[in-house]
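Heads up, the thing below is written out as structure tokens.
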Amino acid sequence: MVCGIQEAAENYRKLFQEILNTSREKLEAAKSILTDEQERMAMIQEEEQNFKKMIESEYSMRLRLLNEECEQNLQRQQECVSDLNLRETLLNQVIKLATELEEMFQEMLQRLGRVGRENMEKLKESEARASEQVCSLLKLIVELEKKCGEGTLALLKCLDLEIRPPELREMNFCCAEAAQLSFLFRSKSLLLEHLEPAHITDLSLCHIRGLSSMFRVLQRHLTLDPETAHPCLALSEDLRTMRLRHGQQDGAGNPERLDFSAMVLAAESFTSGRHYWEVDVGKATRWQVGIYHGSADAKGSTARASGEKVLLTGSVMGTEWTLWVFPPLKRLFLEKKLDTVGVFLDCEHGQISFYNVTETSLIYNFSHCAFQGALRPVFSLCIPNGDTSPDSLTILQHGPSCDATVSP
């Protein structure tokens, strides 16, 4: 009987040790989720403030463009100055548009605040669940550690009547020990609980809709500068399309690293004024568009320092579509792949904005940028690892361009 009791005790001790190990692993996972949720709460507050600034910056820019458009319309009607009714009509239209613009952006700020509050509530609930599980697991681990260190009879007598060895089923134990046993076996449900991080709404889904009608006036007819093109790039005769040359790919690199060194600058540069251009990215799976500021060497040797570029990056891997902005590196959420990207540059106000032209919405903007020297549009494709790539980017043109402030 003694051998049977000892054997049973060792079996249960091993069982408790396995449960203890599982509990410790689950505790570490719960602690990780708890830490992540606390960090996400701080992060989402910062992101909400950043998106609020972005909305306010976009509103200020569109209001400036609206006022500029109004002034241009009034200048065109100078010969009709005597017609006060026409002038008053134009002013009333501007006031109406400015009011609608303000109302639209106020609604965006309200929606952003609402989504931010909902996200915070979800994160707090998730934090509370994780915190509760951490506390419960800590108690369970302490109890299991105690049981694993107990002697044979002390270990067996706290087992439930149904799972005790037959020779111990007639033994009576105190209520306190039975309560301990009940706690241990109730912990089974705790170990089966599945803890997941909170699912929150990405703030980048709070799209700023619409494109300024002044963008067509500010649109520049850009061309690519062959002297700055990476050797693996082939440029079209009209210098508006870039693609990768066949047989020029370097497959010796890290297959998991995206190499966007296949870069070319625009021939045009900007030192002042406001400018807008559009790029067809629908035929590329991995691309970058943005602004380069600084000097450029010949034949693709443009400075590679990331601090000298402001970029929007798109990447399609299988069915996954990702979008990033830099600097700093930040992932954005879009519901579907981009086809056309619009880029707006305001040199005086240090603003760069990226737009989803197809959906007529803002993707992201950078404000109060400190530019140094001339600014040049930059375009880049990802060099594939070994395989050929049909990727291409094309600078789009729409109607006449006003390039008075562009320096070649």
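Along the sequence shown, residues carry numbers from 1. All values reported here derive from a predicted model rather than from experimental measurement.
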Do side-chain atoms of [X] reach the backbone of [Y] as a donor and acceptor pair under 3.5 angstrom?
{"X": "Ser269", "Y": "Ala374", "value": "no"}
{"X": "Asn365", "Y": "Met54", "value": "yes"}
{"X": "Lys122", "Y": "Thr201", "value": "no"}
{"X": "Arg240", "Y": "Ile395", "value": "yes"}
{"X": "Glu278", "Y": "Thr340", "value": "no"}
{"X": "Ser23", "Y": "Ile19", "value": "yes"}
{"X": "Glu268", "Y": "Thr223", "value": "yes"}
{"X": "Thr22", "Y": "Glu18", "value": "yes"}

For the [atom1] atom on [X], are there more than 12 heavy atoms of other groups (residues, nucleotides or ligands in this structure) within a distance under 6.0 Å?
{"X": "Lys53", "atom1": "NZ", "answer": "no"}
{"X": "Glu132", "atom1": "CD", "answer": "no"}
{"X": "Lys337", "atom1": "NZ", "answer": "yes"}

> Is any side-chain N of the basic residue among Lys330 and Glu47 closer than 4.0 Å to the acidic one's carboxylate O?
Replying inline: yes
>> Quick test of your reading of the model: are Lys139 and Glu143 salt-bridged, counting only N-O distances below 4.0 Å?
In response: no
Is there a side-chain contact between [X] and [Y] in this structure, where contact means two heavy atoms from C-beta onward sitting under 4.5 Å apart?
{"X": "Ile383", "Y": "Cys232", "result": "yes"}
{"X": "Arg24", "Y": "Glu145", "result": "yes"}
{"X": "Glu58", "Y": "Ile55", "result": "no"}
{"X": "Asn92", "Y": "Lys96", "result": "no"}
{"X": "Glu127", "Y": "Leu34", "result": "yes"}
{"X": "Leu203", "Y": "Leu112", "result": "yes"}
{"X": "Thr394", "Y": "Lys283", "result": "no"}
{"X": "Leu375", "Y": "Ile352", "result": "no"}

Does the side chain of [X] pick up a donor-acceptor pair with the side chain of [Y] at under 3.5 Å?
{"X": "Asn21", "Y": "Glu25", "result": "no"}
{"X": "Asn356", "Y": "Ser361", "result": "no"}
{"X": "Gln351", "Y": "Ser367", "result": "no"}
{"X": "Glu69", "Y": "Ser213", "result": "yes"}

Between [atom1] on residue [X] and [atom2] on residue [Y], distance to nearest 0.5 Å:
{"X": "Gln133", "Y": "His194", "atom1": "CD", "atom2": "NE2", "value": "10.0 Å"}
{"X": "Asp280", "Y": "Asp339", "atom1": "CG", "atom2": "CG", "value": "7.0 Å"}
{"X": "Ile208", "Y": "Arg111", "atom1": "CD1", "atom2": "CZ", "value": "9.0 Å"}
{"X": "Leu101", "Y": "Arg62", "atom1": "CG", "atom2": "CZ", "value": "7.0 Å"}
{"X": "Glu37", "Y": "Ile44", "atom1": "CD", "atom2": "CD1", "value": "10.0 Å"}
{"X": "Arg129", "Y": "Glu193", "atom1": "CZ", "atom2": "CD", "value": "10.5 Å"}

>> Applying ring-ring contact (aromatic ring centres under 6.0 Å, His included) to Trp277 and Phe270, what does each step give before you reach the verdict?
In response: CA-CA 13 Å; Trp277 59 95; Phe270 310 112; 5.7 Å; yes
>> With a 6.0 Å cut-off on the ring centroids, do Phe344 and Phe215 count as close?
In response: yes
>> Below 30° counts as parallel, above 60° as perpendicular, anything between as tilted: where do the rings of Phe366 and Phe354 land?
In response: perpendicular
> In terms of the angle between their ring planes, are Phe371 and His293 parallel, tilted or perpendicular, with boundaries placed at 30° and 60°?
Replying inline: perpendicular
Provide the closest heavy-atom pair for [X] versus [Y] in the form atom of the first, atom of the second, distance.
{"X": "Arg243", "Y": "Ser392", "answer": "CB-CB, 3.9 Å"}
{"X": "Pro226", "Y": "Leu239", "answer": "CG-CD2, 3.9 Å"}
{"X": "Ala30", "Y": "Leu137", "answer": "CB-CD1, 4.3 Å"}

>> Among Arg40, Met120, Glu118, Glu121, which residue satisfies the side-chain contact (heavy atoms from CB on, under 4.5 Å) criterion with Ile200?
In response: Arg40
>> Using the rule given for salt bridge (charged side-chain N to carboxylate O under 4.0 Å, His left out), can you reason through Glu48 versus Lys52, listing the C-alpha separation, both sets of side-chain angles and the distance that settles it, and then say yes or no?
In response: CA-CA 6 Å; Glu48 184 176 348; Lys52 182 179 179 181; over 6 Å; no
